[in-house]
Structures are given as structure tokens and as C-alpha cells.
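Take a look at the structure below.
In what follows, residues are counted from 1 in the order of the sequence shown. Computed from a predicted structure; not experimentally measured.
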Amino acid sequence: MSQTQTYRVSHLAALEAESIFIMREVVAELERPVLLFSGGKDSIVMLRLAEKAFAPARIPFPVMHVDTGHNFPEVLTYRDSRVEELGLHLVVASVPEALEAGLVRESADGMRNRIQTPVLLAAVEKYRFDALFGGARRDEEKARAKERVFSFRDDFGQWDPKNQRPELWSLYNGRHHAGESIRVFPLSNWTELDVWHYIAAEGLALPEIYYAHEREVVERDGMLYAVNEFLAARAGETPFVETVRYRTVGDASCTAAVRSVADTVEKVIEEVAATRITERGATRGDDRVSEAAMEDRKREGYF
């Protein structure tokens, strides 16, 4: 009797292989890709996947950060050290410079996430990027759940959720005309828990704000915002010190923390496994502007 052996890979290994395949497809099909790298956990995972996809060669594309100027300093420090470690070329698309040049105007509430879009599109046009790797995942938010892995954008950088290309059998269509581009999401099928399991498996360092620490905060709209140079306590708000961590990092003026004692990767994994609210739903004030806030921004060209 002959015995047949079944070859199995773990869930995490399958996700890694899929993401690496997607990255290699982009480099094979398109001419000027770039990876969006903010120093956040999803972009850190993408950077490790890119390392593995093209090892032992260097990563064959630059990284870009759309910088609002409202950054957590720990995240910027991490961004710069990681870029230097890997010998990458960092493109910074600066919102403060765009404000000074008159390309965008700051909103009354001080949030800069919305005005990132024209700055991003200007950088895409300037450097002629035709593929942009983003760390968005389908489990994060309803609009992101509608995305394909290869998300076509017209020559105005806009997204039409009703006009997307089929991706049967993991076949990706990178065809586009001059001025058009493709947003590529290698982590589409990952969850927040998958990301943390991968961080643990790979031993990836993260900015310290992802782990529990004490921070002066105010409670606003049911969320805990750090008091900093970009976000001051309002009349009637009393700052207090709380042990918190960040599930996602973005603009410091609209990204909240969560109460947590998870100060190690293992404890964060336990915490994430038990939660029933996505990280954006729990911590991003800019997504609460309206029910369709994210989809509106994506239609305009946002990630």
C-alpha cells in the first residue's frame, strides 16, 4: 500500500506567501512602484514582506510617507531608523509644505487626514509612481472591505467602488494608461490578529506606543486622546494620566489610545483576540465624521 503525504502550511505562512506573490507581481508588471511607510505596524509588516520577497537583493523600490506634521515622535524616530537600517530611499510628501505653498488649506478642527489626499496625489504625479503599496486590510473598515488587491485609480487618482477589476484565481490586472495608477494591498486578507501573530513570529520591533505605557490623556467622544502639542484639552476637559497603548498610529490630533496593560507582544495578542471592535473603529476620530467618511476620502484618492 502506498502512502501519500499531505503538504500543509500554516495560516500565517499562507498569508505571507500570498503577500510576497502580490509584491513580486507588481514589480514584474509595473514600472515605478512605491511602498507607503509611516512607521505603523501594518507598514512595518509590509516592509518585512518586501525584504523576504526580494532577498538577497535590496528592496527594489522606494518608500514614501505622507507626513501630516502631526506625528507621534516615537513613530518618526522608528521610521527613520528602519529606513536607514535597510538603506532605502525615503520620499516624504509633506502636508506642512503643501500648506505653506497653498496647495491645501487646514480645516477648522485642525485634523489633517483629509488634506493628505492632494499631497499624496501631487507626489504620485511628481515621481510618476504607477503602483502604491498600502497596508489597508479588509477587516479594518467597511469601505476597505470593498477593495480589490489591485485597486485601479484613474488619472485624477480617484476610486470607483462599482468599477473594479475581477481577480479570479489570484490573477491581477495591472494594465493602465499614462497618469493612471494601481493601489496595491498585500495585506487585504490579513486581520489585526494575523498582523500581531506575524510580528511575534518574526520578532519585529515596533514603536513603543504600541505597548502599554502611561500617558496624559483626555476623554472625548468616548475615546482617550493624548494631550500633546497638536491636541490640547478643551474647556471642561480635565487631563489625567492613564495606562494606555495605541492600536493604530496616525495623525496625533485624531488618533486615540485604548486602556491597556498589554506591555508585550504576547499580551497584545491576547487582548486583540478578545476585542470585538476594529482598531479604526475604536481609535480614529476622523472616521466618525460621517457613516461614509472613509469611502468619501477613498473616492477622492485617499488610501
Side-chain angles (χ1 to χ4, degrees), residues 36-44 63-83 90-124 132 134-136 140-141 206-211 213-235 237 239 241-242 244-258 279-290 293-294 296-298 300-303:
L36 272 289
F37 182 68
S38 63
K41 68 181 187 307
D42 298 311
S43 61
I44 289 168
V63 297
M64 178 166 67
H65 181 204
V66 183
D67 179 8
T68 66
H70 289 175
N71 299 290
F72 293 100
E74 304 95 322
V75 179
L76 277 189
T77 299
Y78 180 94
R79 179 201 72 181
D80 293 341
S81 65
R82 190 74 174 118
V83 165
L90 172 66
V91 175
V92 177
S94 171
V95 171
E97 289 180 8
L99 285 166
E100 189 176 338
L103 175 64
V104 293
R105 289 190 297 178
E106 193 154 19
S107 60
D109 60 14
M111 292 186 189
R112 292 183 173 179
N113 268 10
R114 187 110 196 187
I115 59 176
Q116 286 183 90
T117 300
V119 180
L120 169 64
L121 296 180
V124 171
L132 289 82
E140 288 182 279
E141 201 272 340
L206 297 182
E208 286 301 313
I209 65 173
Y210 276 111
Y211 300 106
H213 60 287
E214 288 190 344
R215 193 170 287 248
E216 186 180 36
V217 299
V218 292
E219 187 161 358
R220 184 180 300 168
D221 299 326
M223 296 192 288
L224 299 176
Y225 290 96
V227 177
N228 54 61
E229 61 180 304
F230 313 117
L231 188 144
R234 296 172 180 170
E237 293 180 337
V241 175
E242 183 65 83
V244 299
R245 73 175 189 87
Y246 284 85
R247 290 176 67 185
T248 180
V249 296
D251 193 309
S253 67
C254 62
T255 304
V258 295
E279 65 263 50
R280 290 197 72 94
T283 67
R284 296 301 287 269
D286 53 321
D287 287 349
R288 298 192 174 188
V289 174
S290 73
M294 173 62 80
D296 291 342
R297 293 204 303 274
K298 289 178 73 65
E300 295 167 359
Y302 186 72
F303 262 89

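With hydrogens and angles ignored, the 3.5 Å screen pairs no side-chain donor or acceptor of Asn71 with any backbone N or O of Pro73. Under the 3.5 Å distance criterion, the side-chain polar atoms of Thr255 are left unmatched by any main-chain donor or acceptor of Ala252. Looking only at distances, a side-chain donor or acceptor of Tyr210 sits under 3.5 Å from a matching main-chain atom of Lys41. Put simply, the side chain of Glu97 never gets that close to the backbone of Ser94: no donor and acceptor are under 3.5 Å apart. Side-chain N or O atoms of Asp251 include one that pairs as donor or acceptor with a backbone N or O of Ser253 at under 3.5 Å. Distance alone, capped at 3.5 Å, places no donor-acceptor pair between the His65 side chain and the Val91 backbone.
The side chain to side chain contact (heavy atoms under 4.5 Å, CB included) test with Leu206 is passed by exactly one of Ile44, Val75, Val249: Ile44.
Partners of Arg82 according to the side chain to side chain donor-acceptor pair (under 3.5 Å) rule, which considers only residues two or more places apart in sequence or in another chain, are Glu51, Glu85.
Looking at heavy atoms from C-beta onward, Val217 lies out of side-chain contact with Val227 at the 4.5 angstrom threshold. Two residues are said to be in side-chain contact when any heavy atoms from C-beta on lie closer than 4.5 Å; Leu224 and Val218 fail this criterion.
Looking at every heavy atom in both residues, Ala233 comes nearest to Arg220 through CA-NH2, 4.3 Å. Nearest heavy atoms, Arg215 versus Ile209: NH2-CG2, 3.1 Å. Closest approach of Leu103 and Ala122 over heavy atoms only: CD2-CB, 4.2 Å.
Taking the six-membered ring where tryptophan is involved, the planes of Tyr246 and His213 are essentially parallel, since the angle between them stays under 30° and well short of 60°.
Put simply, CD1 on Ile115 and OG1 on Thr68 are 8.5 Å apart, with the number rounded to the nearest 0.5 Å.
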